[in-house]
Amino acid sequence: MRPFANEPALELRRGDVRESLLSALQELDGQLPLEVPVILGVDRLAPASEDSFESTDPGNPERLVAMAAGAGPEEADAAVGAAAEAFPDWRACGAAGRAEVLVRAAGILRERRLELAALQVRECAKPWPEADADVCEAIDFLEYYAREAVRLDEGRPLLQAPGERNEMRYRPRGVAAVIAPWNFPLAIPTGMTAAALAAGNAAVLKPAEQSPASALMLVEALLEAGVPPGAIALLPGYGGAGAALVRNPGVHVIAFTGSSAVGLEIVRAAAETPYGQPHVKRVVAEMGGKNCVIVDADADLDEAVPGIVRSAFDYAGQKCSACARVLAHEAVIEPLLERLAGAVSVLSVGQAESFATDVPPVIQREARERVERYADRAAEEGRVMAQVAPVPEGGWFSAPTVATDLPPDSPVLRDEIFGPVLTVERVASVSAACDVLERLPFALTGGVFSRDPAAVREVVRRAPVGNLYVNRHITGAMVGRQPFGGNRRSGVGSKAGGPDYLLQFTEPHVVSENTMRHGLPVE
């Protein structure tokens, strides 16, 4: 295989590219609603009226995007059983064989990238740049983990002594349960599932109920590429299916991305090891964030303002990596607030399908209500510097908001809002800003804008975050370039898209052999 390289994004400034995307969206609209089955081995269980559910367009909730079969505990247990049966044959394919399958799946996604991006525009209201980037990241995960599987299969070098041969290899653990979110409806499920499969495990995918059709596209691509039935299963549904996967004693690894509350409950449940379960489950959990950007006294505001706005309001702030708090040096806070307010006030809030949209709707009614509660609280407790109004009607649109002068114990500063609300706080120094970072329970992403190398070094030394960005936006980690994952309550496990990630889906095995075998031939 050629060396890994990130999939290039579409050039959306080109008219022919935009026309192709809109044509793909129009074609998709003619096929809606899509039907998403439960996929168990060779069986496809179509939606039935008593257990099916719908995914709708957040920008137009009257538009039905998909009708999905609702998997529950019974289907989850059946999927684990089928995966256990398929696991030995998939493991026997070897790393090179599995890598070939994943590369073929990447090619299928590449061929369908316009359709896949259009589906994200409809199902999750991702604007075109975000939707295309999501498809590119899914392709990257497949390509990157295919190569990592081959590299990992070579084992690790160990010290060798005369008369002794030492070897360290990695074997798949068994069945991996993948519980995925809706905000990166193709990329994140692909990353977790591809890692499990690349390492030789069978995988059971439980996607978010808001994005079942995007998950179906992934599973179909994997099956078409050559993953055997049973080694990959699809369980669209609500929390019951996911909880059953976590509890099932046949599951060896749980890969989860979502809220901290759910992630911590998974960690607790997975720690239970009932009699008859011969292994301890491993949990790989990427959870929440309350991410801060520090703006130093000497920061270039021409870089800081667009970087902060992009980090806070792209995809309506619905990223675990999004900027939620700005810690601004007292020497620059007033001009920074003025410029942030001006930049936010001209953001375009609109439908994801419009190339002019900066901020799309949030995912559902409950999300909009949550954002509005925090925005109202910010207005009560502090000072709102900017709030885009009015926002469109007919969808789950939320007003991008910038607030300041909040009390230190405000929930607006503490809680993960997961929406377009940004707070700005005054700090006396970069050291004082680092004090804030060190007190936070979350430690996912962070950023600093400064021209002072000493100040940057202090932030690098003290910030507990998993991904720190200097003089740039803090979202958009690239596979192979910025392996992604948090610390503290933001994550458990190694970084996605990095050289250590596949290790979480394997067990290491060491063989030490005495080569001084008298009277026997040595191979």
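All values below come from the heavy atoms of this structure, side chains included, with hydrogens, waters and symmetry mates left out.
For Asp140, the salt bridge (charged side-chain N to carboxylate O under 4.0 Å, His left out) test picks out no residue, with sequence neighbours left out. Taking the salt bridge (charged side-chain N to carboxylate O under 4.0 Å, His left out) definition, one finds that Glu75 meets it with nothing, sequence neighbours left out. Annotation: side-chain hydrogen bond (donor to acceptor under 3.5 Å, both in side chains) contacts of Arg147 (sequence neighbours excluded): Glu143. In this structure, the side-chain hydrogen bond (donor to acceptor under 3.5 Å, both in side chains) partners of Ser214, at least two apart in sequence or on a different chain, are Glu123. Qualifying salt bridge (charged side-chain N to carboxylate O under 4.0 Å, His left out) partners for Glu381, counting only residues two or more places apart in sequence or in other chains: Arg377. Not a single salt bridge (charged side-chain N to carboxylate O under 4.0 Å, His left out) links Arg91 to another residue, sequence neighbours left out. With sequence neighbours excluded, no residue satisfies side-chain hydrogen bond (donor to acceptor under 3.5 Å, both in side chains) with Lys281.
Nearest heavy-atom pair, Leu197 versus Asn201, reported as atom, atom and distance to 0.1 Å: CD2-O, 3.4 Å. Scanning all heavy atoms of the two residues, the minimum distance from Leu119 to Met217 falls at CD2-CG, 3.7 Å. Scanning both residues, Val349 and Pro400, for their nearest heavy atoms gives CG2-CD, 3.6 Å. Listed here is the closest heavy atom pair of Gly350 and Pro361: O-CD, 3.6 Å. Contact detail for Ala198 and Ala149: the closest heavy-atom pair is O-CB, 3.4 Å. Between Pro58 and Val362, the closest heavy-atom pair is CB-O, 3.3 Å.
Pairs passing the ring-ring contact (aromatic ring centres under 6.0 Å, His included) check and including a residue from residues 362-381, sequence neighbours excluded, do not occur. Sorted by first and then second residue, the side chain to side chain donor-acceptor pair (under 3.5 Å) pairs involving residues 489-507 (not counting sequence neighbours) are Asn467-Lys495. The list of side chain to side chain donor-acceptor pair (under 3.5 Å) pairs with a residue in residues 127-139, not counting sequence neighbours, reads Arg113-Asp132, Gln120-Asp134, Lys126-Asp134, Glu130-Lys319.
The structure places CG of Leu116 at 11.0 Å from SG of Cys136, a figure rounded to the nearest 0.5 Å. From Leu440, atom CG reaches atom CD of Glu438 across 10.0 Å, with rounding to the nearest 0.5 Å. Note that the CD atom of Gln364 and the CZ atom of Arg368 stand 11.5 Å from one another [nearest 0.5 Å]. If you take CZ on Arg325 and CG on Leu422, they are separated by 11.0 Å, rounding to the nearest 0.5 Å. In this structure, Met67 CE and Ser52 OG are separated by 5.0 Å, a value rounded to the nearest 0.5 Å.
Looking only at side-chain heavy atoms (C-beta outward), Leu40 and Val38 come within less than 4.5 Å of each other. Between Asp435 and Arg462 the shortest side-chain heavy-atom distance falls below 4.5 Å. When side chains are defined from C-beta on, Met287 does not count as touching Cys320, because their heavy atoms never get closer than 4.5 Å. The shortest side-chain heavy-atom distance between Ile39 and Leu216 falls under the 4.5 Å cut-off. Side-chain contact between Val65 and Glu54: absent, with no pair of heavy atoms (C-beta onward) separated by less than 4.5 Å. Counting heavy atoms from C-beta on, the side chains of Phe87 and Arg173 never come closer than 4.5 Å. Thr193 has its side chain out of reach of Val219: every pair of non-hydrogen atoms, C-beta onward, lies at least 4.5 Å apart. Counting heavy atoms from C-beta on, the side chains of Lys290 and Arg414 never come closer than 4.5 Å.
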Quick one, Asp358 with Phe313, criterion side-chain contact (heavy atoms from CB on, under 4.5 Å). Give me CA distance, side-chain angles, the key distance, then yes/no. CA-CA 8 Å; Asp358 296 310; Phe313 298 108; over 6 Å; no

Does the salt bridge (charged side-chain N to carboxylate O under 4.0 Å, His left out) test come out yes or no for Glu220 and Arg44, once each step is laid out? CA-CA 12 Å; Glu220 288 186 333; Arg44 291 186 171 229; 3.4 Å; yes

Given the rule in the side-chain contact (heavy atoms from CB on, under 4.5 Å) test, do Phe141 and Leu102 qualify, once you have shown the distances and angles that lead to the verdict? CA-CA 9 Å; Phe141 276 130; Leu102 295 186; over 6 Å; no

side-chain contact (heavy atoms from CB on, under 4.5 Å) evaluation trace for Ser55 with Gln210: CA-CA 5 Å; Ser55 70; Gln210 296 89 346; 5.9 Å; no

Between Leu28 and Val121, does the side-chain contact (heavy atoms from CB on, under 4.5 Å) criterion hold? Intermediate values first, please. CA-CA 11 Å; Leu28 173 70; Val121 168; over 6 Å; no

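Counting heavy-atom neighbours within 6.0 Å of Arg171 CZ, excluding the residue itself, gives a total of 12 or less. For CD of Glu62, the number of neighbouring non-hydrogen atoms (other residues, nucleotides, ligands) closer than 6.0 Å is 12 at most. More than 12 non-hydrogen atoms from other residues, nucleotides or ligands lie less than 6.0 angstrom from CD of Glu265.
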Kindly list each side-chain donor-acceptor pair under 3.5 angstrom involving residues 181-192, sequence neighbours excluded, with atom names and distances?
{"residue": "Asn183", "atom": "ND2", "partner": "Gln318", "partner atom": "O", "Å": "3.1"}
{"residue": "Thr190", "atom": "OG1", "partner": "Leu186", "partner atom": "O", "Å": "2.6"}

What donor-acceptor contacts under 3.5 angstrom involve side-chain atoms of residues 229-253, with partners at least two apart or in another chain?
{"residue": "Asn248", "atom": "OD1", "partner": "Gly250", "partner atom": "N", "Å": "2.7"}
{"residue": "Asn248", "atom": "ND2", "partner": "Asp77", "partner atom": "OD1", "Å": "2.9"}
{"residue": "His252", "atom": "ND1", "partner": "Val175", "partner atom": "N", "Å": "3.1"}
{"residue": "His252", "atom": "ND1", "partner": "Gly250", "partner atom": "O", "Å": "3.3"}

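Gln387 and Thr401 share a donor-acceptor pair across their side chains, judged by distance under 3.5 Å alone.
Each of Ile474, Thr475, Leu437 was evaluated against Asn291; a single residue qualifies, Ile474, per the side chain to side chain contact (heavy atoms under 4.5 Å, CB included) test.
Side-chain atoms of Gln277 come within 3.5 Å of backbone atoms of His279 as a donor-acceptor pair (strictly under, hydrogens ignored).
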